[in-house]
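A quick note: this is a predicted structure, and the numbers were derived from the prediction, not measured. To find a chain, count down the sequence lines: A is the first, B the second, and so on, and within it residues start at 1.
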There are 2 protein chains.
Amino acid sequence: MESRIDRIKKQLSGASYKLTPQREATVRVLLENEEDHLSAEDVFLLVREISPDIGLATVYRTLELLNELNVVDKIQFGDGVSRYDLRQEGAAHFHHHLVCIECGAVDEIQEDLLEDVEAIVETKWNFIIKDHRLTFHGICYRCQEK
Amino acid sequence: MESRIDRIKKQLSGASYKLTPQREATVRVLLENEEDHLSAEDVFLLVREISPDIGLATVYRTLELLNELNVVDKIQFGDGVSRYDLRQEGAAHFHHHLVCIECGAVDEIQEDLLEDVEAIVETKWNFIIKDHRLTFHGICYRCQEK
DNA sequence: ATACGTGCAAATCCTTTGCAAGGAT
DNA sequence: ATCCTTGCAAAGGATTTGCACGTAT
């Protein structure tokens with residue numbers, strides 16, 4: 001069976017980019033931390049554990065590249081840094097986020113939930129939707145228990 | 001009748017802040033450009049036309065203050081700058097945005113549309129929603145005509 | 001040989017902060 | 001006199017860029 005990383009390799013070579021060791025290490029870190037919403041700095045520190053000589057600029061360049069290929073989505077929650085989120089394979093739409101204003105945790109919602117809303121927006125505003133970003137800010141179940 | 005700016009004045013004084021000439025000029029610029037999504041730099045350039053001696057830092061401090069008082073919402077569309085959007089009076093929720101990937105235009109949707117989705121999120125994920133951000137990326141009606 | 005990718009350092013951009021001075025109460 | 005606010009300049013943090021050096025074809 002073809003692995004996730006194999007398919008990402010193909011996407012890279014399909015766009016005539018090489019899968020260098022640095023790029024592979026970066027992709028592996030993203031795969032291994034799929035639940036998190038890593039900043040470039042976060043990725044850099046993790047990649048350096050595998051590939052100690054990598055430079056921060058290379059990580060930025062790789063993340064930018066993966067973003068252009070739609071392998072990752074670049075998101076901002078308003079804390080001043082960009083975060084990079086692996087796009088689910090086969091997902092028609094970007095998933096949603098729950099940001100806790102108490103503890104800062106970011107949880108994901110994989111369900112679509114927006115089908116009806118999108119239908120309304122497309123007809124009523126005559127807007128062709130290609131992607132969306134939906135984030136809820138509030139209090140997560142963990143902080144409610146405290 | 002009480003004007004919009006009067007009510008904003010009251011919000012400021014209610015939180016024991018003064019409405020200085022610089023702050024008033026900044027608020028006026030926001031009111032006069034309510035349709036746009038101005039960056040701090042944009043606001044600064046416009047305020048300087050009214051109040052030429054204002055400093056950029058003052059504009060940043062005022063926008064930060066207005067954000068804390070929920071007079072404006074600070075938003076990021078991913079182009080590297082924060083933008084400031086006047087909150088609709090009496091609006092329970094933040095409005096939504098349509099970002100055109102062709103021409104860059106940002107249109108607003110004032111309708112809520114998310115009531116059903118929020119009900120699902122609150123019960124199914126046990127998350128208390130305080131605010132939300134919803135942005136659609138796609139092609140606006142103007143660019144479709146071209 | 002040629003083109004691509006890298007690490008490093010410098011540069012850039014946006015935003016925040018320190019501080020002395022101005023203004024209101 | 002005290003407290004808040006300001007403008008300016010400097011500092012800060014995140015990201016990008018220039019460049020000489022590899023490395024693979």
Side-chain angles (χ1 to χ4, degrees), chain A residues 8-9 11-30 37-69 71-85 104, chain B residues 8-9 11-29 37-69 71-85:
Chain A
I8 294 174
K9 279 182 198 179
Q11 278 189 266
L12 276 169
S13 52
S16 51
Y17 291 111
K18 293 170 190 162
L19 187 72
T20 63
Q22 290 92 334
R23 285 176 183 164
E24 178 160 354
T26 303
V27 171
R28 284 195 186 285
V29 162
L30 291 171
H37 299 80
L38 302 176
S39 67
E41 183 87 27
D42 294 336
V43 174
F44 171 63
L45 293 174
L46 289 166
V47 173
R48 225 173 26 175
E49 294 175 10
I50 315 172
S51 178
D53 292 332
I54 201 169
L56 178 56
T58 300
V59 172
Y60 270 104
R61 284 186 279 234
T62 301
L63 291 171
E64 178 60 26
L65 180 59
L66 295 173
N67 185 48
E68 271 162 29
L69 296 176
V71 172
V72 301
D73 283 298
K74 189 176 181 178
I75 47 180
Q76 281 135 259
F77 292 126
D79 59 350
V81 296
S82 293
R83 296 175 182 280
Y84 300 84
D85 218 355
Chain B
I8 294 174
K9 279 183 197 179
Q11 277 189 268
L12 276 169
S13 54
S16 51
Y17 291 111
K18 293 170 192 162
L19 186 73
T20 63
Q22 290 93 334
R23 285 177 184 163
E24 178 160 354
T26 303
V27 171
R28 284 194 187 285
V29 162
H37 300 80
L38 303 176
S39 67
E41 184 87 26
D42 295 336
V43 175
F44 171 62
L45 294 173
L46 289 166
V47 172
R48 226 176 20 179
E49 294 175 9
I50 315 173
S51 178
D53 292 333
I54 200 169
L56 178 57
T58 301
V59 172
Y60 270 104
R61 283 187 280 233
T62 301
L63 291 171
E64 178 61 26
L65 180 59
L66 294 173
N67 185 47
E68 271 163 28
L69 296 176
V71 173
V72 300
D73 283 299
K74 190 177 182 177
I75 48 179
Q76 281 136 262
F77 291 126
D79 59 350
V81 295
S82 292
R83 296 175 182 279
Y84 300 85
D85 217 355

Handout entry: Student check: side-chain heavy atoms of B/Leu69 and B/Leu12 closer than 4.5 Å
Key = yes
Exercise for the section: For A/Ser39, answer base if it contacts any base atom (sugar-phosphate contacts may also be present), sugar-phosphate if it contacts only those atoms, and nothing otherwise; contact means non-hydrogen atoms under 4.0 Å. Expected result: nothing
Fill in the blank from the handout: Residues passing the salt bridge (charged side-chain N to carboxylate O under 4.0 Å, His left out) test with A/Lys74, sequence neighbours excluded, are A/Glu64
Exercise for the section: Under 4.0 Å from any heavy atom of chain B: name the first and the last nucleotide of DNA chain C that qualifies, 5' to 3'. Expected result: C/dC14 to C/dG18
Exercise for the section: Begin with the C-alpha distance, continue with both residues' side-chain angles, and end with the deciding distance and a verdict on side-chain contact (heavy atoms from CB on, under 4.5 Å) for A/Leu66 and A/Leu30. Expected result: CA-CA 11 Å; A/Leu66 295 173; A/Leu30 291 171; 3.7 Å; yes
Handout entry: Nearest-angstrom distance from the residue atom CD of A/Glu68 to C1' of D/dT16
Key = 13 Å
Exercise for the section: For the pair A/Thr58 (side chain) and A/Ile54 (backbone), establish whether a donor and an acceptor sit closer than 3.5 Å, ignoring hydrogens and angles. Expected result: no
Produce the list of close N/O pairs, under 3.5 Å, pairing protein atoms with atoms of nucleotides 4-8 of chain D; give distances to one decimal.
from  : atom 1 : to      : atom 2 : distance (Å)
D/dT5 : OP1    : B/Lys18 : N      : 3.2
D/dT5 : OP1    : B/Arg23 : NH1    : 2.8
D/dT5 : O5'    : B/Arg23 : NH2    : 3.4
D/dT6 : OP1    : B/Thr20 : OG1    : 2.6
D/dT6 : O3'    : B/Gln22 : NE2    : 2.9
D/dG7 : OP1    : B/Gln22 : NE2    : 3.4
D/dG7 : OP1    : B/Asp53 : O      : 3.0
D/dG7 : OP2    : B/Gly55 : N      : 3.1
D/dG7 : OP2    : B/Thr58 : OG1    : 2.2
D/dG7 : N7     : B/Arg61 : NH2    : 2.8
D/dG7 : O6     : B/Arg61 : NH2    : 3.3

Handout entry: side-chain hydrogen bond (donor to acceptor under 3.5 Å, both in side chains): pairs with one or both residues in residues 14-27 of chain A, sequence neighbours excluded
Key = A/Glu24-A/Arg28
Problem - Non-hydrogen side-chain atoms of B/Val71 and B/Gln11 separated by less than 4.5 Å - result: yes
Exercise for the section: Can you run down the side-chain hydrogen bond (donor to acceptor under 3.5 Å, both in side chains) pairs that involve residues 43-56 of chain B, sequence neighbours left out, and say none if there aren't any? Expected result: none
Exercise for the section: Can you run down the ring pair (Phe, Tyr, Trp, His ring centres under 6.0 Å) pairs that involve residues 37-57 of chain B, sequence neighbours left out, and say none if there aren't any? Expected result: B/His37-B/Phe77, B/His37-B/His97
Handout entry: Nucleotide D/dT15, atom P - distance to CZ of A/Phe44 in whole Å
Key = 13 Å
